[in-house]
Amino acid sequence: MEFVHLHVHSHYSLLDGAIHIDELVETAVQYGMKSVALTDHGNLFGAYEFYKLTKKAGIKPIFGMEAYISPTHRTDRSMGRIETAAYHMLLLAISNEGWHNLIKLSSLGFTEGFYYKPRIDRELLAKHNKGLVCCSACLGGEIPSALMDGDEAKAIRIAGEYMEIFGRDRFFIEMQNQGYADQVRVNPALVKVAKHIDVGLVGTNDAHFLNRDDKSSHEVLTCIGTGKVLTEETKQRYSPDLYFKNQAEMHKALAEWPEAITNACRIAEMNESKPAFFEKLLPVFRTPNGEPDTTYLAGLAREGLKKRFDGNEPPREYCDRLERELQVIEQKGYCSYFLIVNDCVQYARQNNIPAGPRGSGVATLLGYSLYMS
């Protein structure tokens, strides 16, 4: 009995999620799950920790984000209230390109679209949607919100816009069943929207806390986040079903839509993203004639060492030492690093800016040859 959670909030959904990532991964393993997603609100803060722990546990990580999307443009700040300024949208990376696009969207949400929340818009989605699966999210999404307002035509129009951006294979109508009255009313209409534009359903549980018993603690957390107190009738109320359910519980919750369960597993199988968290991602120095950085650095170093000896041939031991250093630096992949630092130092000195590099690299014969010290 398979099920994959694609909509999960950790404590990095600040003052809204109450799941610690280590406990999330441990529980997923206990439930026999082969894959699990992390989809915090508007950010990827937990991605590295999530990656390390899932890899150690031997399950496939799915990197995602419950993004906030503006109904108009990301720079539009005319709405006046968060409910109409920042709708929810679930985005899941299924390739390395998708992971990179997820990073771009999260960053742009903070730097260009922030209004109540870090928002994106359709323009950004059109530019950065490759490798991403989009789901219509919870009742806070644009499509469910339109249906709650009784505007089925608007819901179909919005769903069609997302389908045009992502295509039928990468856009899904999200089905949830946590006992909300609005869900009971809206879910049949969501199925109707999916049929109208011919896209699939996907089931999620929008997990905000790990166990059912954690609901009361989570309520304290959300009161802090919204400036309310527990006794207030106006405080945001979460269903006790917003916990990390096991497969049997999810099959029971989504029994009315077996397609939604199948598609959750299918999206997990589509995922081939492998973020380069442990790879060296050093910048590459662009050499003047397009030659390899190793060749260019060696040329500068040999020429510089000769200048140190007034244009004469350096002693053999100096030449041998320099070649050994160049070999080690090439093996470690640091040629561009030395060239970039050298470029900064030479520019500073040519413009009468004091420059004094520090570190073990400065103490090398290479540094001496490049006049870095």
Side-chain angles (χ1 to χ4, degrees), residues 4-10 12-13 21 34-55 59-70 73-74 87-113 118-137 141-142 159-174 199-200 202 204 263-284 286 333 336:
V4 178
H5 277 284
L6 300 178
H7 194 153
V8 182
H9 294 277
S10 76
Y12 289 106
S13 288
I21 295 177
K34 298 177 182 177
S35 186
V36 66
L38 182 66
T39 57
D40 283 311
H41 279 304
N43 71 72
L44 303 170
F45 300 160
Y48 178 65
E49 181 181 352
F50 180 61
Y51 179 83
K52 287 196 301 182
L53 292 171
T54 51
K55 284 301 181 184
I59 61 177
K60 181 195 285 188
I62 303 172
F63 299 94
M65 172 176 70
E66 187 167 22
Y68 296 101
I69 185 163
S70 168
H73 193 269
R74 61 189 178 278
Y87 291 96
H88 294 191
M89 167 185 283
L90 190 69
L91 298 173
L92 302 166
I94 57 172
S95 69
N96 282 352
E97 184 176 17
W99 164 245
H100 293 147
N101 279 327
L102 206 58
I103 294 172
K104 291 173 185 175
L105 290 170
S106 176
S107 298
L108 291 168
F110 280 97
T111 59
E112 295 184 4
R119 305 176 307 159
I120 58 175
D121 59 14
R122 286 158 175 76
E123 180 185 11
L124 291 179
L125 286 177
K127 292 180 181 178
H128 306 297
N129 72 82
K130 290 182 179 179
L132 293 176
V133 163
C134 175
C135 306
S136 58
E142 274 192 282
E161 291 172 354
Y162 291 157
M163 192 269 288
E164 287 296 321
I165 292 173
F166 290 92
R168 284 190 172 83
D169 292 336
R170 293 189 292 120
F171 176 62
F172 295 83
I173 296 295
E174 194 166 341
V199 296
V202 64
T204 70
N263 281 335
C265 297
R266 185 163 72 87
I267 291 171
E269 291 172 358
M270 291 164 62
N271 173 35
E272 297 178 349
S273 61
K274 296 179 180 179
F277 284 121
F278 300 115
E279 292 182 14
K280 292 177 183 176
L281 298 175
L282 297 174
V284 175
R286 295 183 180 179
S336 279

Closest contact, heavy atoms only, [X] versus [Y]:
X      : Y      : answer
Ile120 : Ala67  : CD1-CB, 3.9 Å
Ser336 : Pro283 : CB-O, 3.4 Å
Ile267 : Ile94  : O-CG2, 4.2 Å
Pro275 : Trp99  : CB-NE1, 3.5 Å

Decide yes or no for [X] and [Y]: does some side-chain heavy atom of the first lie under 4.5 Å from some side-chain heavy atom of the second?
X      : Y      : result
Leu38  : Ser10  : yes
Ser35  : Ile62  : yes
Phe172 : Thr204 : no
Tyr87  : Arg119 : no
Phe63  : Ile103 : no
Leu132 : Leu125 : no

List the residues meeting side-chain contact (heavy atoms from CB on, under 4.5 Å) with [X], not counting sequence neighbours, and say none if there are none.
X      : value
Lys52  : Tyr48, Phe278
Glu123 : His73, Arg74, Asp121, Lys127
Lys130 : Glu97, Asn101
Asn129 : Ile165, Phe166, Arg170

Report the C-alpha separation of Val133 and Asn271 in whole Å, then their side-chain angles, then the decisive distance to 0.1 Å, and conclude whether the side chain to side chain contact (heavy atoms under 4.5 Å, CB included) test is met. CA-CA 9 Å; Val133 163; Asn271 173 35; over 6 Å; no
One should read off an interatomic distance between Lys60 NZ and Ser273 OG, to the nearest 0.5 angstrom, of 8.0 Å
When rounded to the nearest 0.5 angstrom, what distance separates CE in Met163 from SG in Cys134? 12.0 Å
Any chance you could lay out the side chain to side chain contact (heavy atoms under 4.5 Å, CB included) test for Phe50 and Val36, step after step, and finish with the verdict? CA-CA 10 Å; Phe50 180 61; Val36 66; 3.8 Å; yes
Is the centre of the His41 ring less than 6.0 Å from the centre of the His88 ring? yes
Starting from the C-alpha separation in whole Å, work towards a yes-or-no answer on side chain to side chain contact (heavy atoms under 4.5 Å, CB included) for His128 and Leu108. CA-CA 11 Å; His128 306 297; Leu108 291 168; 4.0 Å; yes
By the definition side chain to side chain contact (heavy atoms under 4.5 Å, CB included), identify the one residue from Glu66, Glu174, His7, Met89 that meets it with Cys135. Glu174
Heavy atoms of other groups near Asn96 CG, more than 12 under 6.0 Å: yes
Phe277 and Lys55: CA distance, side-chain angles, deciding distance, side chain to side chain contact (heavy atoms under 4.5 Å, CB included) verdict: CA-CA 12 Å; Phe277 284 121; Lys55 284 301 181 184; over 6 Å; no
Check whether any side-chain N or O of Thr39 sits under 3.5 Å from a backbone N or O of Val8 as a donor-acceptor pair, and report yes or no. yes
Counting only N and O atoms by type, is there a donor-acceptor contact under 3.5 Å from the side chain of Ser106 to the main-chain atoms of Leu102? no
All salt bridge (Lys or Arg N to Asp or Glu O under 4.0 Å) counterparts of Arg168, not counting sequence neighbours: Asp198
Would you please name every residue forming a side-chain hydrogen bond (donor to acceptor under 3.5 Å, both in side chains) with Ser13, sequence neighbours left out? His9, Asp40
